[in-house]
Structures are given as C-alpha cells and as structure tokens.
Number of protein chains: 2
Amino acid sequence: MDYDKYAYEPFAVTVDLAVLTVTEGALHALLVERGQEPYAGHWALPGGFVHPDESAETAARRELAEETGLSDLSGLHLEQLRTYSEPGRDPRMRVVSVAFAALLPDPPEPHGGSDAADARWVPYDRARPLAFDHDRILADAHERVGAKLEYTCLATAFCPPEFTLGELQQVYETVWGTTLDRPNFRRKVLATPGFVEAVPGAARLTGGRGKPAALYRAGPATALHPPLLRPSPEGRPA
Amino acid sequence: MDYDKYAYEPFAVTVDLAVLTVTEGALHALLVERGQEPYAGHWALPGGFVHPDESAETAARRELAEETGLSDLSGLHLEQLRTYSEPGRDPRMRVVSVAFAALLPDPPEPHGGSDAADARWVPYDRARPLAFDHDRILADAHERVGAKLEYTCLATAFCPPEFTLGELQQVYETVWGTTLDRPNFRRKVLATPGFVEAVPGAARLTGGRGKPAALYRAGPATALHPPLLRPSPEGRPA
DNA sequence: ATGACTAATAGTCACTACGACTATAAAGAG
DNA sequence: CTCTTTATAGTCGTAGTGACTATTAGTCAT
C-alpha cells in the first residue's frame, strides 16, 4: 500500500445485505423500497454508507436496524459475502459495496425507516428485478448459503432456539429447492456429533396433526464432517 | 444506499494479495519489503490503491505486476477473500482493503518495483510478522485455500499445465500439512470425472529416480463431488 | 549386466456412509 | 373406532474410502 507515491482517489463505501429467511415453506428476502433517487420507488437490498468510525460489519447491523426497523437482531447470522467494486455499478459516483449474507429465524415484521419508503419480506422467486446490481448480490448470497448448508451447521441459524428436525429439514429443502428423505435426513443429523442436541425435558411441539416431534437445540459444532451433500440434479441413466 | 440523507465520508480503497505457491515441498507466500512509511522496511503482502476507473480485481492484477515485476500472470488464479474494514487497521487514514487469495504454479522470481523495495517468496511458516493486519489476511487465505481444496479442483491452479499425480498430491499435502496415502489419492482423483485428464502421447516425466509418472492436465470440472476431505487431526481412541 | 533403491501404479479387504425402502408409533379429524 | 398425517425405527445394498500388499519401471552404484 503506497500512500505517498500515488494520489489516491476517495471512494464511497457502502454495505448491502441479503437477508434471508424461511417462512411458509418458501425462501424470502428482506427488501426495501427506495425513497430517493437513483432508483426511487424500486426495490433494493437494505444497506447504506459505512460511517467513518465503524467497520463494515457494524455498519451492516446498524443499517439493517435503521432501514427495516427490526429490533430483535439477536438471532441474526451475519457473514461477509464479497465486495462489489466494478466502476459504474452506481450511476452517479464511485461506490464500493461490501455485501453480506444474513439469516434470520422467525422473521419479524419490518417497516420502512430512514431513507427506505417501505420494507418487506418478499418470496425469493419474486424478488427481482432489484436496483443496482442487487439481483446478482442476492443470487450470490443464495448460492453461498446453499453451499454452506452442505458442510456447516449453518441451517440452525434459520431456526428458532428450539426446533424440530422437520423444521430443520424444511430449511434444507427450501434453500436447495429439493426434497429430502426424512428418515435419512434424521439419521444424518443425529449421527453428526454436536449438530443438534435434544431438549432433555420430553418437550414436544405440535404443529397440528400427526405425531408430535421432539425438540432440539443447535449444538456446539460448526462444521459438518462428512458434509451433507445436496442431491445432484442428474437423471439416472436407463 | 442513501447518498442524500447522510453526508458520506470518503475512504481509501486498497487491495492486498496473499499469493501462494508450492515450491520445494513447502508452501510459500509472495511478500514485498515496504519502501515507505508506515512500516518502511517491514514485510507485507503486495497491494495498493484501487484506481478510480478499475475494479478491485483489475487493481489486484495491476498491483501484483507492478510491485513484484511478475510478467507471466497467465496461470494466476485470483479469488476474492474478504474485505477488511476495521477502523484503525491503518495508522494514518481510513483504509478499506479488499483482500485476494491468489495461486501461482512454478513461481517466477520476483523483484521489487514501484514502492516495494524488494519482493521475495518466503516460506509460509517464516512469513510473519507482517505489516498492518496482513498476518491475519495471510492466515485467512491459507485457511480458505485449504478448505477449497476439499471440494473444488483448485489444486490444479498450483500446478503447471502438465503435471504428475505426485505433484498434485504434493499440493494437497503441503497446503494441508498432512500426508496422504498415494494409491488412495490416485484412485480418488482418477475416479472424479473431469478433475484431470491424461496427456495422450505416452508423455512421461522424470524427476530423477523411480518409475516415470504419467502426465495429466487439468480437466474441465471445477467442483469435487464427493469432496476430498482432509484427514481430521484426531487421535484414535484406545 | 546385477542388485539395491525409489517412485508409480495395480489391486485387495473391510468398514462406513448413504440412498431407497418398509414398518411402527402417536397424534387429530371425521 | 378408523383414516390420515407426521415422527421415528429399522433394513438392505452399494459406493466411497482408509489401510494395506504387490508389481512395474526406472536410476544409481558396483
């Protein structure tokens, strides 16, 4: 890094958040309606400028709270996705944006704030088109989360503190867009030490009909060894 | 992103590169000796300011060429690692740095250039301490590369256009710091369609003694399904 | 040459993980 | 009750892989 030899050009640095959740059996993204130009009236990912005294991670949490009014960010899983720096990605100035993927269980109802006219959970498939290059950021976040489900215990970040194995399986199926065999999924999850741990009191929960399911908590493990690979979409030969 | 409501503070945006290679059975990192303050005389990762008209990726390639004089960047694998944005990571101004992990086969000899007094391949274990937060960036790059070897075909990026399976295995062993069983490694690599393809002419190469090895090229595959997991460092129970 | 040494390649065996199932248990709805 | 629904238990065959042994094809020394 040479500060002295070359004059450096100042950039605006922003954060953008692809916040995902699983509700009603479908993947949803948290979007805001832009109140100002450019792209006023269009939907976009929440985000905003990084302040001089904060890191991108701090800015991400702050902007999320400001723009969507979400107060309970305790269960929020925040993770850097990548940085988008192509010149021209913002029509009026040079903006470098640090993008984050975020997961939230039990999505609370958002409401617009600061410069967001509105904020809403939108089904992933109906989210586009978005302002700026946010279509791509959202797709990158989806891809990254899907990949991380394979070899980490990230799926529990989509679940409330106590959950059933059926709910956990729903997360996988929703993010991957596949169906999984229930007994096999169960066997795999329980065979992975530290992935989930049973809630000891014979606690059970009923979603309606059917046999009540046992409740589990997220365990201390973070990695899945061996991984839980998503089924490859190849047809079997004749 | 709100340009209008809040005044935004300009940041300096830089790139830093953790360039890794495998030589003489050891992992090496490409380092430069800083010519200017701060940290003049200290070793650091190559990098520099992003110009107003280029993306971080473009800046990374340019800075690498400028600072280390490497002319042949054809085999270079460049990949965004993450962005480091903590306030105070640079002693004199607010700098946000987009870090890259890069892999290079057959390391060419570097020489200092622009603001780098010197440039050199340094064995990974003897690389620290580095200027700024580059110790951490280098460690993060190592971790990321090690993980990607498991489930991608990235290892071929460390190898010249034609290589033996022994060389490929050396890459895994060097990055992971483990040893692997040769027949099993071979079986796994050859069983993965598109990982490597044999060079058809009975081409062979001799490194010295022993039976000559067949030559292979990188295949079209990018992902490893199922992955090649590194052995977990757990001792077996009695 | 001849034998020692080295490294690549071939093949075996047992065990684990997992996909595709079938069967049973425990609830609510009619 | 019986039917439906969902959770949970268990079975079977196979692919993948760790730990080996054996063979092949070269160099290096004598």
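In what follows, chains carry the letters A, B, and so on, assigned in the order in which the sequence lines appear, proteins first and then strands, with residues in each chain numbered from 1.
- The CZ-C1' distance, from A:Phe163 to D:dA7, rounds to 16 Å in whole Å.
- Atom CG of A:Leu229 is separated from atom P of D:dA15 by 17 Å (rounded to the nearest Å).
- When side chains are defined from C-beta on, A:Tyr151 does not count as touching A:Leu229, because their heavy atoms never get closer than 4.5 Å.
- Within 4.0 Å (heavy atoms only), A:Arg187 reaches at least one base atom of the nucleic acid.
- Side-chain proximity of A:Lys188 to D:dT8, C:dC18, D:dG16: nearest is C:dC18.
- To the nearest angstrom, P of C:dT22 lies 19 Å from CZ of A:Arg186.
- When the C1' atom of D:dA7 is taken as reference, atom NZ of A:Lys211 falls 5 Å away, rounded to whole Å.
- Between A:Tyr216 atom OH and D:dA7 atom P the separation is 11 Å, expressed in whole Å.
- Looking only at atom types and distance, the side chain of B:Tyr124 has a donor-acceptor partner in the side chain of B:His142 under 3.5 Å away.
- Judged by a 6.0 Å distance limit and a 45° cone about the ring axis, B:Arg187 is not positioned over the six-membered ring of B:Phe185.
- The phosphate of C:dA29 (OP1 or OP2) has no side-chain N or O of A:Arg209 nearer than 4.0 angstrom.
- Here D:dA19 is the nucleotide among D:dT8, D:dA19, D:dT17 with the atom lying nearest to any side-chain atom of B:Asp181.
- Taking the nucleotide of DNA chain C with the nearest heavy atom to each of A:Leu228 and B:Arg182, the more 5' of the two is matched to B:Arg182.
- Taking atom CZ on A:Phe195 and atom C1' on C:dA17, their separation rounds to 16 Å, with Å as the unit.
- Looking at heavy atoms from C-beta onward, B:Leu20 lies in side-chain contact with B:Leu138 at the 4.5 angstrom threshold.
- Of the options A:Leu168, A:Val199, A:Asp106, A:Val171, a side chain to side chain contact (heavy atoms under 4.5 Å, CB included) to A:Phe163 is made by A:Leu168 and by none of the others.
- Checked against C:dA26, D:dT5, D:dG18, the side chain of B:Asn184 finds its nearest nucleotide in D:dG18.
- Here the P atom of nucleotide C:dG11 and the CZ atom of B:Phe185 are 20 Å apart, to the nearest Å.
- Between A:Gln170 atom CD and D:dT6 atom P there is a gap of 11 Å when expressed in whole angstrom units.
- Closest to the side chain of A:Pro183, out of C:dT9, C:dC21, C:dT6, is C:dC21.
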